[in-house]
Novice: 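Sharing a structure, written as structure tokens. Questions coming.
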Amino acid sequence: MDSTAITSFSALWDEVFGSQPDPDLWVVIATMVAALAVVVPHGLWRLFRNAITIAHEGGHGLVALLTGRTLTGIRLHSDTSGLTVSRGKPHGLGMILTAAAGYTAPPLLGLGGAALLGAGHITLLLWLSTLLLIAMLVMIRNAYGALTVILSGAAFLLVSWLTGPQVQAAFAYAVVWFLLLGGVRPAFELQAKRSRGGAGDSDADQLARLTHVPAGLWLFLFHLVSLCSLIGGGRWLLEL
């Protein structure tokens with residue numbers, strides 16, 4: 001490898017794994033307000049919830065692989081629902097962890113993202129997010145799901161390659177705030193559906209059948225993870 005290639009690789013390594021300056025506090029607060037503005041109103045939430053579904057189903061898929069199950073495909077639907085299919089034992093720890101990973105994935109991803117941003121790794125966050133979306137695209141099995149993941153990945157690529165540090169920082173903080181805040185709402189939506197007698201085959205109900213622990217306790221766990229992630233991640237982002 002010649003010296004030019006070595007220098008280029010070293011520069012790329014430093015850019016990706018090095019730290020970048022923190023944005024001004026007003027940028028952090030503005031991105032938080034922007035995230036709230038798309039999480040709270042029903043109309044905007046209906047559109048942006050697709051990103052939470054990507055994280056939700058990606059969580060199922062990743063944990064299925066990590067626990068030795070065979071991931072056969074992921075489908076994302078226009079009503080913001082999704083389905084992840086894996087093969088393996090229909091019971092046991094692997095199946096339990098896979099089922100539990102959906103509602104907990106978005107807030108935990110937000111918490112991990114907040115940790116990276118708190119350490120100044122803005123570029124690393126953008127690159128890791130892009131790689132995760134590319135990996136997920138391989139397992140998508142329907143056109144709408146592929147389009148959703150491609151558009152999401154394209155947004156990260158465009159911001160990473162075509163914008164300056166300030167725009168990249170604002171985008172990264174907005175994404176992490178959205179995962180933290182948007183990760184809270186689905187558990188409340190599930191609770192509301194279950195109170196009306198719906199969502200009988202939800203993740204919480206599947207976990208109840210797998211573990212003989214009431215679905216309400218699993219729902220409480222989803223609330224606990226999402227709210228604790230929001231509090232912890234918010235403190236990192238705001239540097240409190």
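Keep in mind that what you see is a predicted model, and the values were worked out from it rather than measured.
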Novice: Roughly how far apart are Leu137 CG and Leu132 CG, rounded to 0.5 Å?
Specialist: 12.5 Å
Novice: Could you state whether Leu180 and Leu44 fall into the same hydrophobic cluster, counting links through intermediate Ile, Leu, Val, Met, Phe, Trp or Tyr residues with side-chain heavy atoms under 4.5 angstrom apart?
Specialist: yes
Novice: Would you say that His77 contacts Asn142 through its side chain, given a criterion of any heavy-atom pair below 4.5 Å between the two side chains?
Specialist: yes
Novice: Side chains of Thr67 and Leu93: closer than 4.5 Å at any heavy-atom pair?
Specialist: no
Novice: Just by modelled atom types, is the Leu83 backbone N or O under 3.5 Å from a matching donor or acceptor in the Arg75 side chain?
Specialist: no
Novice: Is there a donor-acceptor pair under 3.5 Å between the side chain of Arg69 and the backbone N or O of Met95?
Specialist: no
Novice: Atom CZ in Arg49, atom CZ in Phe178: separation rounded to 0.5 Å?
Specialist: 9.5 Å
Novice: Only one of Val149, Ile140, Ile52, Ile74 forms a side chain to side chain contact (heavy atoms under 4.5 Å, CB included) with Glu57, so which one is it?
Specialist: Ile74
Novice: So, does Gln166 use its side chain to make a donor-acceptor pair with the main chain of Pro23 at under 3.5 Å?
Specialist: no
Novice: Examine distances only and state if a side-chain atom of Asp22 and a backbone atom of Gly118 form a donor-acceptor pair shorter than 3.5 Å.
Specialist: no
Novice: What pair of heavy atoms forms the shortest contact from Ala215 to Asp205, and how long is it?
Specialist: CB-OD1, 3.9 Å
Novice: Can you tell me how far the OG1 atom of Thr130 sits from the CH2 atom of Trp127, to the nearest 0.5 Å?
Specialist: 8.5 Å
Novice: Between Phe156 and Leu128, is there a shared hydrophobic cluster once you connect ILVMFWY residues whose side-chain heavy atoms come closer than 4.5 Å?
Specialist: yes
Novice: So how far is it from Thr104 OG1 to Leu109 CG, rounded to the nearest 0.5 Å?
Specialist: 9.0 Å
Novice: Hey, does Leu238 have a side-chain heavy atom less than 4.5 Å from the side chain of Ile29?
Specialist: yes
Novice: Count the heavy atoms belonging to other residues, nucleotides or ligands that lie under 6.0 Å from OH of Tyr144, then report whether that count exceeds 12.
Specialist: yes
Novice: Report the C-alpha separation of Asp203 and Leu190 in whole Å, then their side-chain angles, then the decisive distance to 0.1 Å, and conclude whether the side-chain contact (heavy atoms from CB on, under 4.5 Å) test is met.
Specialist: CA-CA 9 Å; Asp203 292 354; Leu190 176 58; 5.8 Å; no
Novice: side-chain contact (heavy atoms from CB on, under 4.5 Å) between Leu158 and Thr163: does it pass, once the steps are laid out?
Specialist: CA-CA 7 Å; Leu158 289 173; Thr163 65; over 6 Å; no
Novice: If I compare all heavy atoms of Ser226 with all of Pro107, which pair ends up nearest, and what's the gap?
Specialist: CA-CB, 3.7 Å
Novice: Do Trp177 and Trp26 sit in the same hydrophobic cluster, where Ile, Leu, Val, Met, Phe, Trp and Tyr count as joined when their side-chain heavy atoms come under 4.5 Å apart?
Specialist: no
Novice: Indicate yes or no for a side-chain donor-acceptor contact from Thr84 to the backbone of Gly61 under 3.5 Å, with no hydrogens or angles considered.
Specialist: no
Novice: How would you list all residue pairs meeting ring-ring contact (aromatic ring centres under 6.0 Å, His included) that involve residues 88-114, not counting sequence neighbours?
Specialist: His56-Tyr103, Tyr103-Phe222
Novice: Distance from Glu189 atom CD to Gln191 atom CD, nearest 0.5 Å?
Specialist: 11.5 Å
Novice: With the 4.5 Å side-chain cut-off for hydrophobic clustering, are Trp161 and Ile134 part of the same group?
Specialist: no
Novice: Measure the shortest side-chain to side-chain distance between Leu133 and Ile54 over non-hydrogen atoms and say whether it is less than 4.5 angstrom.
Specialist: yes
Novice: Identify whether Val63 and Met139 are in the same connected component of the hydrophobic contact network (ILVMFWY, side-chain heavy atoms under 4.5 Å).
Specialist: no
Novice: Do Ser202 and Arg194 come close enough that some side-chain heavy atom pair is under 4.5 Å?
Specialist: yes
Novice: Minimum heavy-atom separation for Ala35 to Ala174, with atom names?
Specialist: CB-O, 4.3 Å
Novice: How would you list, by chain and number, every residue that makes a side chain to side chain contact (heavy atoms under 4.5 Å, CB included) with Leu217, sequence neighbours excluded?
Specialist: Val213, Pro214
Novice: Take Phe48 and Val39 through the test side-chain contact (heavy atoms from CB on, under 4.5 Å) and record every step on the way to the result.
Specialist: CA-CA 8 Å; Phe48 284 91; Val39 169; over 6 Å; no
Novice: Can you see which heavy atom on His212 is nearest to which on Arg209, and at what distance?
Specialist: CE1-O, 4.1 Å
Novice: Got Met32 and Leu237 here, is their nearest side-chain heavy-atom distance under 4.5 Å?
Specialist: no
Novice: Which residues end up grouped with Leu66 if you chain together Ile, Leu, Val, Met, Phe, Trp and Tyr wherever their side-chain heavy atoms are less than 4.5 Å apart?
Specialist: Leu62
Novice: Does the side chain of Thr53 pick up a donor-acceptor pair with the side chain of Asn50 at under 3.5 Å?
Specialist: no
Novice: Run the side-chain contact (heavy atoms from CB on, under 4.5 Å) check on Gln168 and Gln20 step by step: do they pass?
Specialist: CA-CA 10 Å; Gln168 291 180 10; Gln20 293 76 42; over 6 Å; no
Novice: Quick one: pull up CD1 in Ile96 and OG1 in Thr211 and give me the separation to the nearest 0.5 Å.
Specialist: 6.0 Å
Novice: Do the side chain of Ser229 and the main chain of Val225 share a donor and acceptor less than 3.5 angstrom apart?
Specialist: yes
Novice: Search all heavy atoms of Phe171 against all heavy atoms of Leu126 and return the closest pair with its distance.
Specialist: CD2-CD2, 3.7 Å
Novice: Ignoring hydrogens, what is the shortest heavy-atom contact between Gly94 and Thr98? Give both atom names and the distance.
Specialist: O-OG1, 2.8 Å
